[in-house]
Structures are given as C-alpha cells and as structure tokens.
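Accompanying notes for the structure given below.
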Amino acid sequence: MFERLGAYSAQSLAVLRIVTGLLFVHAGMVVLFNIPASIYPELAEIDTLMMIAGILELVGGALILVGFLTRPTAFILCGFMAVAYWGFHFPSNPWPANNMGVGAILYCFIFLHLFFAGPGAWSIDERRA
C-alpha cells in the first residue's frame, strides 16, 4: 500500500508548499495591513523590522504559493525564520513551547525542505522547466 503512495509525492509536496505559502501571505497581511485585525499589541520599537518581516512574508509567501522562484525564495525565507527564532524567540526562553517559537522552527525547516526538494507539482517553476 505504501509503495503506491510514493506516486503522489510531487502532489503532496505541492500541497505543503501551497498551504505554507497561504499561511505566510496571511501573516504578512496581518503585519503590513492589520487584516484581519491582530490580537497582539503593536511594538513601536521594532516597526522597521516588522515592516521588513511583513514584506518578506507577503511577497515570499506569494512566490511560494504559486511556486515561482521557489528554491531561492525558500532559501531566503529559511534564513529569515532562523533569524526570527534565534534573534527574537530564543532570547526570551530557550524552550520553543514557552517562547512561541514553534512556528518559526517549523517554517524554517519547511522552507529548507522546499529549497532542496523544489516546488513539486502545480507550480510555475514546473511549467517553465
């Protein structure tokens, strides 16, 4: 049974890429446009960093979503999430469940996987190849 599932690995990778892209676009919309309205208070001292993060999330998420320039985008976003975790989550507490860094770690490794595996099925990169 499991051997037959391997035939759908490209589609499974595409679903992972699409859902990850959608979630990242959503995060960028919250940061840049407050749509939908965030439940967290704004931190004025990191406005510039949040603007950069929002742009990376919105544009990078859209590129990942459609599978365009997937590998270079995933490489940049992987690094972005590593910096987010080690620079902002980890200093408050070393445990991911306590520092709200679980998402950053998961995104980092999903983007690392996309960097190595490529976009999968249903992508602009695949159509151009």
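Starting from 1, each residue takes its place in the sequence as its number. Quick caveat: nothing in here was measured; it's all calculated off a predicted structure.
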[X]: which residues meet the side chain to side chain contact (heavy atoms under 4.5 Å, CB included) condition with it, sequence neighbours left out?
X	answer
Leu58	Val25, Met29, Leu32, Phe33
Ile52	Thr48, Leu56
Pro91	none

Not counting sequence neighbours, list each pair that qualifies as a side-chain hydrogen bond (donor to acceptor under 3.5 Å, both in side chains) and has a residue in residues 57-70.
Thr70-Asp125
Can you tell me which residue pairs pass the side-chain hydrogen bond (donor to acceptor under 3.5 Å, both in side chains) test with a partner in residues 60-69, sequence neighbours excluded?
none
Under 3.5 Å: donor-acceptor pair, side chain of Arg17, backbone of Phe111
no
Co-members of the apolar cluster containing Val102 [side chain, <4.5 Å]:
Leu106
Starting from Phe75 and following side-chain heavy-atom contacts under 4.5 Å between hydrophobic residues (I, L, V, M, F, W, Y), which residues can be reached?
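Tyr85, Trp86, Phe90, Ile105, Phe109, Leu112, Phe115, Phe116, which link up through side-chain heavy atoms under 4.5 Å apart, make up the rest of the cluster.
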Working to the nearest 0.5 angstrom, can you tell me the gap between Leu77 CG and Tyr107 OH?
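One finds 10.5 Å between CG of Leu77 and OH of Tyr107.
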Can you tell me how far CD1 of Ile124 sits from CZ of Arg128, rounded to the nearest 0.5 angstrom?
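The distance works out to 8.5 Å.
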Checking side-chain contact (heavy atoms from CB on, under 4.5 Å) for the pair Val30/Ile35: CA distance, chi angles, key distance, verdict?
CA-CA 5 Å; Val30 170; Ile35 300 172; over 6 Å; no
Any side-chain heavy atom of Phe24 within less than 4.5 Å of one from Met81?
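Contact flag for Phe24/Met81 side chains = yes.
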Below 3.5 Å, can you tabulate the donor-acceptor pairs from side chains in residues 6-15 to any protein atom, sequence neighbours excluded?
| residue | atom | partner | partner atom | Å |
| --- | --- | --- | --- | --- |
| Ser9 | OG | Gly6 | O | 3.3 |

What are the two closest non-hydrogen atoms of Pro94 and Asn99, and how far apart are they?
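Looking at all heavy atoms of both residues, the shortest contact is C-ND2, 4.1 Å.
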Let's go through Leu16 and His113 carefully: what are the C-alpha distance in whole Å and the side-chain angles of both, what is the deciding distance for side-chain contact (heavy atoms from CB on, under 4.5 Å) to 0.1 Å, and is it a yes or a no?
CA-CA 10 Å; Leu16 177 67; His113 179 65; 4.3 Å; yes
Side-chain atoms of residues 59-69: list all donor-acceptor pairs with protein atoms under 3.5 Å, sequence neighbours left out, distances to 0.1 Å.
none

How would you list, by chain and number, every residue that makes a side chain to side chain donor-acceptor pair (under 3.5 Å) with Thr73, sequence neighbours excluded?
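Partners of Thr73 under the side chain to side chain donor-acceptor pair (under 3.5 Å) test: none.
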